[in-house]
Amino acid sequence: MTKVFRSRHAVLPDGERAADVVVSEGRIVEVLAYGAGAGELVDLGELVLLPGLVDSHVHVNEPGRTEWEGFATATRAAAAGGVTTIVDMPLNSIPPTTTVEGLEAKRKVAEARLFVDTGLWGGAIPGNTGDLAPLHEAGVFGFKSFLAPSGVDEFPHLNREQLEEALTEQARIGALSIIHAEDPRILDEAPHTPGPQYADFLASRPDDAEAVAVSTLLEIARRTGARVHILHVSSAAVLPLLREARAAGVQVTAETCPHYLTLAAEQVPSGDTAFKCCPPIRSEANRDLLWQALAAGEFIAVVSDHSPSTPELKHLPSLGGDGDFAAAWGGIASLQLGLPAIWTEARRRGHSLADVVRWMSSGPASLVGLSTKGAIAPGMDADLVAFDPDAAFTVDPAGLHHRHPVTPYAGRSLSGVVRTTWLRGEPVDANDVDAAPSGRLLTRGEK
């Protein structure tokens, strides 16, 4: 049946305007003038119609660490936050996605649990160079590597020689390399002071750790011809390196995350380890520089780096923990809150919803090669979001759908509420416990 999504504020590739979006068999077939469409009407009135967001940096952790998170809970949270496509990271699950067997194990548990469409990254670790081509052929979207310890033993980091070997092979097969860039020597030499003071933790992950690692990566990328993407840039010290590399012809993109753009070190309460992530949330001045780079088009995407764990691993004082930043798991769970968090700060800085769509939908879709995601246009999947940009709310962790209600945004006032999310033209109700999952497993290159 043909549906017509009518809104006075549709965010389209050429800007925001009143429009009728005509959908048939899960795809957008026409974008017409307001009131011109014919079919079953979904009238959104003054609500904004956005394309579904694409989050290319999500740690689902299933199988193996499903007590941390799982496909059902993560994708419910995604749908509630207006995210209609995620790409899952290859680590924290057991086995990791570093072999075709590991990929198939993940696909087996994921396929009946997805409330949004989901793709999978592969991993490049020491000793698995021979696995990269088979994984790429099997449909992973690219390969993640760490340049410093990942936090889990089954996903070790690459040293300089291993990185060159991995990038040489990925360049040969035409794969995208996505890199957690921190330098292990600088991390080892930094002061490590256990305890509840955020300043002590921040000193243990200095800006130089990112800058030196990125410099090393860019040098090897230039030599090998690999296409590389820098994950979760937290330090503005990286930005001049990226500019110089691009000017020299290196194929490099970069992303940042909502927590780096909306939170700041000066705001972190003593012992509140919900704020811990690696690389860390830095200063307000650093945050302003990241925003300037984002506005200038230097980041291709803003994505969550949704990385939850059990509450016990976060060492939260509110749950009986010791508030030790050195011991706590470094990850922030924000999949459901990324859109309102970014919109709240973006609007304050004079940006539009069209900017947010570019950063959080079309940009990440382009990064991973999802040609039918990320825009409201003919031929695209009818992944749509009804968004109320003026509605305000206070973050209540009890209302979050990821497995454990731990978030640094607790009690924070945000603007922008997702009213409805549609996946291929059908509504996804994250609150309906009886709803059947309708998300699909995606493979690289599919249309």
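Every heavy atom of this structure was used, including side-chain atoms; hydrogens, water molecules and symmetry mates were not.
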Peer 1: Please confirm whether the backbone N or O of R205 pairs with a side-chain atom of E182, one donor and one acceptor, at under 3.5 Å?
Peer 2: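 Answer holds: no.
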
Peer 1: Taking all non-hydrogen atoms of both residues into account, name the closest pair between I125 and P156 and its distance.
Peer 2: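 Distance-wise, the nearest heavy atoms are CG2-O, 3.7 Å.
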
Peer 1: By side-chain contact (heavy atoms from CB on, under 4.5 Å), which residues pair with P90, not counting sequence neighbours?
Peer 2: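 Checked P90 against side-chain contact (heavy atoms from CB on, under 4.5 Å); matches are T97, W121, K144, F155.
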
Peer 1: State, to 0.1 Å, how close A209 and L187 come at their nearest heavy-atom pair, and which atoms those are.
Peer 2: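 So the minimum-distance heavy-atom pair works out to CB-CD2, 3.7 Å.
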
Peer 1: E164: what forms a side chain to side chain donor-acceptor pair (under 3.5 Å) with it, not counting sequence neighbours?
Peer 2: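 Side chain to side chain donor-acceptor pair (under 3.5 Å) list for E164, sorted by chain: R223.
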
Peer 1: Would one find more than 12 heavy atoms of other residues, nucleotides or ligands at under 6.0 Å from atom CG of D153?
Peer 2: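 Result for CG/D153: open.
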
Peer 1: With the threshold set at 4.0 Å, does a side-chain nitrogen-carboxylate oxygen contact exist between D383 and R424?
Peer 2: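 A salt bridge is absent here (no side-chain N lies under 4.0 Å from a carboxylate O).
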
Peer 1: Can you give the donor-acceptor pairs under 3.5 Å from side chains of residues 323-330 to other protein atoms, not counting sequence neighbours?
Peer 2:
residue, atom, partner, partner atom, Å
D324, OD1, G195, N, 2.9
D324, OD1, A326, N, 2.9

Peer 1: For A74, is there any backbone N or O sitting under 3.5 Å from a side-chain donor or acceptor partner on H402?
Peer 2: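 Such a contact is absent between H402 side chain and A74 backbone.
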
Peer 1: Donor-acceptor pair, R403 side chain versus T73 backbone, under 3.5 Å?
Peer 2: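 No: the side chain of R403 does not pair with the backbone of T73.
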
Peer 1: Under the ring pair (Phe, Tyr, Trp, His ring centres under 6.0 Å) definition, can you give me all pairs with a residue in residues 156-180, not counting sequence neighbours?
Peer 2: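 Found F146-H180, H180-H232.
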
Peer 1: Got a sec, which residues hit side-chain contact (heavy atoms from CB on, under 4.5 Å) with P95, two or more places apart in sequence or on another chain?
Peer 2: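 In terms of side-chain contact (heavy atoms from CB on, under 4.5 Å), with neighbours along the sequence ignored, P95 is linked to P63, A105.
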
Peer 1: For R412, give me all partners under side chain to side chain donor-acceptor pair (under 3.5 Å), at least two apart in sequence or on another chain.
Peer 2: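 Result, side chain to side chain donor-acceptor pair (under 3.5 Å) vs R412: none returned.
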
Peer 1: State whether the side chain of S283 and the backbone N or O of N286 hold a donor-acceptor pair below 3.5 Å, judged by distance alone.
Peer 2: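 Answer holds: yes.
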
Peer 1: Is the shortest side-chain N to carboxylate O distance from R287 to E266 below 4.0 Å?
Peer 2: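 Salt bridge absent between R287 and E266.
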
Peer 1: I'd like to know if the side chain of T99 and the backbone of G102 have a donor-acceptor N/O pair within less than 3.5 Å.
Peer 2: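 Present.
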
Peer 1: Under the criterion side-chain contact (heavy atoms from CB on, under 4.5 Å), which of T84, D117, L114 is the partner of T75?
Peer 2: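 Going through the options one by one, the only one that passes is L114.
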
Peer 1: What's the separation between atom CG in L163 and atom CD1 in I220, rounded to the nearest 0.5 Å?
Peer 2: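 Between atom CG of L163 and atom CD1 of I220 there are 4.0 Å.
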
Peer 1: Could you go through the ring pair (Phe, Tyr, Trp, His ring centres under 6.0 Å) check for H59 and W68 one step at a time?
Peer 2: CA-CA 10 Å; H59 293 268; W68 292 19; 9.5 Å; no

Peer 1: As an exercise, state the distance from CG of L414 to CD of E345, rounded to the nearest 0.5 Å.
Peer 2: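 Spacing of CG (L414) from CD (E345) equals 10.5 Å.
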
Peer 1: Do V58 and S304 touch side chain to side chain, with heavy atoms closer than 4.5 Å?
Peer 2: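 They are in side-chain contact.
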
Peer 1: As a test of understanding, state which of R107, R113, K108 forms a salt bridge (Lys or Arg N to Asp or Glu O under 4.0 Å) with E62.
Peer 2: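 Result for salt bridge (Lys or Arg N to Asp or Glu O under 4.0 Å) with E62: R113.
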
Peer 1: Between R227 (side chain only) and Q251 (backbone N and O only), is there a donor and an acceptor less than 3.5 Å apart?
Peer 2: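 Between the backbone of Q251 and the side chain of R227 there is no qualifying donor-acceptor contact (under 3.5 Å).
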
Peer 1: Indicate whether any N or O donor in one side chain lies under 3.5 Å from an N or O acceptor in the other, for T372 and D381.
Peer 2: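 Present: a donor and an acceptor within the cut-off.
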
Peer 1: Backbone N or O of V116 within a donor-acceptor pair of the T118 side chain at under 3.5 Å?
Peer 2: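 Side chain of T118 to backbone of V116: a pair is present.
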
Peer 1: Could you check whether E446 pairs with R440 (Lys NZ or Arg NE/NH1/NH2 to Asp/Glu carboxylate O, under 4.0 Å)?
Peer 2: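 Judged by the 4.0 Å cut-off on N to carboxylate O distance, E446 and R440 do not form a salt bridge.
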
Peer 1: Mind checking side-chain contact (heavy atoms from CB on, under 4.5 Å) for R347 and listing every partner two or more places apart, or none if nothing turns up?
Peer 2: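 For R347 the side-chain contact (heavy atoms from CB on, under 4.5 Å) partners, ignoring immediate neighbours, are W343, D390, S415.
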
Peer 1: Write out all pairs satisfying ring pair (Phe, Tyr, Trp, His ring centres under 6.0 Å) with one or both partners inside residues 95-120, taking only residues at least two apart or from two chains.
Peer 2: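 Residue pairs with at least one partner in residues 95-120: there are none.
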
Peer 1: Does the E69 side chain pair with the main chain of P308, one donor and one acceptor, at a distance under 3.5 Å?
Peer 2: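 Checked: no pair found.
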
Peer 1: Would you confirm whether R222, through its side chain, and A245, through its main-chain N or O, come within 3.5 Å as a donor-acceptor pair?
Peer 2: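 Between the backbone of A245 and the side chain of R222 there is no qualifying donor-acceptor contact (under 3.5 Å).
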
Peer 1: Any side-chain heavy atom of T407 within less than 4.5 Å of one from H259?
Peer 2: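 Answer no - side chains too far apart.
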
Peer 1: Partners of E255 by side chain to side chain donor-acceptor pair (under 3.5 Å), sequence neighbours excluded?
Peer 2: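 Once residues adjacent in sequence are excluded, the partners of E255 under the side chain to side chain donor-acceptor pair (under 3.5 Å) criterion are H57, H229.
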
Peer 1: Mind checking the OG-CG spacing from S56 to D88? Nearest 0.5 Å is all I need.
Peer 2: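 If I round to the nearest 0.5 Å, the distance is 11.5 Å.
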
Peer 1: Could you grab the distance from atom OG1 of T224 to atom CZ of R172, nearest 0.5 Å is fine?
Peer 2: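 Interatomic distance, T224 OG1 to R172 CZ, rounded to 0.5 Å: 13.5 Å.
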
Peer 1: To check you understand the geometry: which heavy-atom pair defines the closest contact between P364 and W359, and what is its length?
Peer 2: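 Closest heavy-atom pair between P364 and W359: CD-O, 3.3 Å.
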
Peer 1: For the CZ atom of F275 and the CZ atom of F201, what is their distance to the nearest 0.5 Å?
Peer 2: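 The CZ atom of F275 sits 13.0 Å away from the CZ atom of F201.
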
Peer 1: The test is side chain to side chain donor-acceptor pair (under 3.5 Å); show your working for N128 and T98 and say whether it passes.
Peer 2: CA-CA 7 Å; N128 86 324; T98 53; 4.8 Å; no

Peer 1: In a table with atom names and distances, give each donor-acceptor pair under 3.5 Å that connects a side chain of residues 129-139 to protein atoms at least two apart or in another chain.
Peer 2:
residue, atom, partner, partner atom, Å
T129, OG1, E165, OE2, 2.7
H136, NE2, R444, NE, 3.3

Peer 1: Could you work out, with side-chain contact (heavy atoms from CB on, under 4.5 Å) as the rule, every residue matching D200, not counting sequence neighbours?
Peer 2: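 Checked D200 against side-chain contact (heavy atoms from CB on, under 4.5 Å); matches are T193, Q197.
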
Peer 1: Find the distance between OG (S24) and CD1 (I28) and round it off to the nearest 0.5 Å.
Peer 2: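 It is 12.0 Å, given to the nearest 0.5 Å.
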
Peer 1: What pairs with T421 under side chain to side chain donor-acceptor pair (under 3.5 Å), at least two apart in sequence or on another chain?
Peer 2: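 Listed in chain order: nothing, the list is empty.
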
Peer 1: Identify whether the distance between the nearest side-chain nitrogen and carboxylate oxygen of D355 and R358 falls below 4.0 Å.
Peer 2: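 R358 and D355: salt-bridged.
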
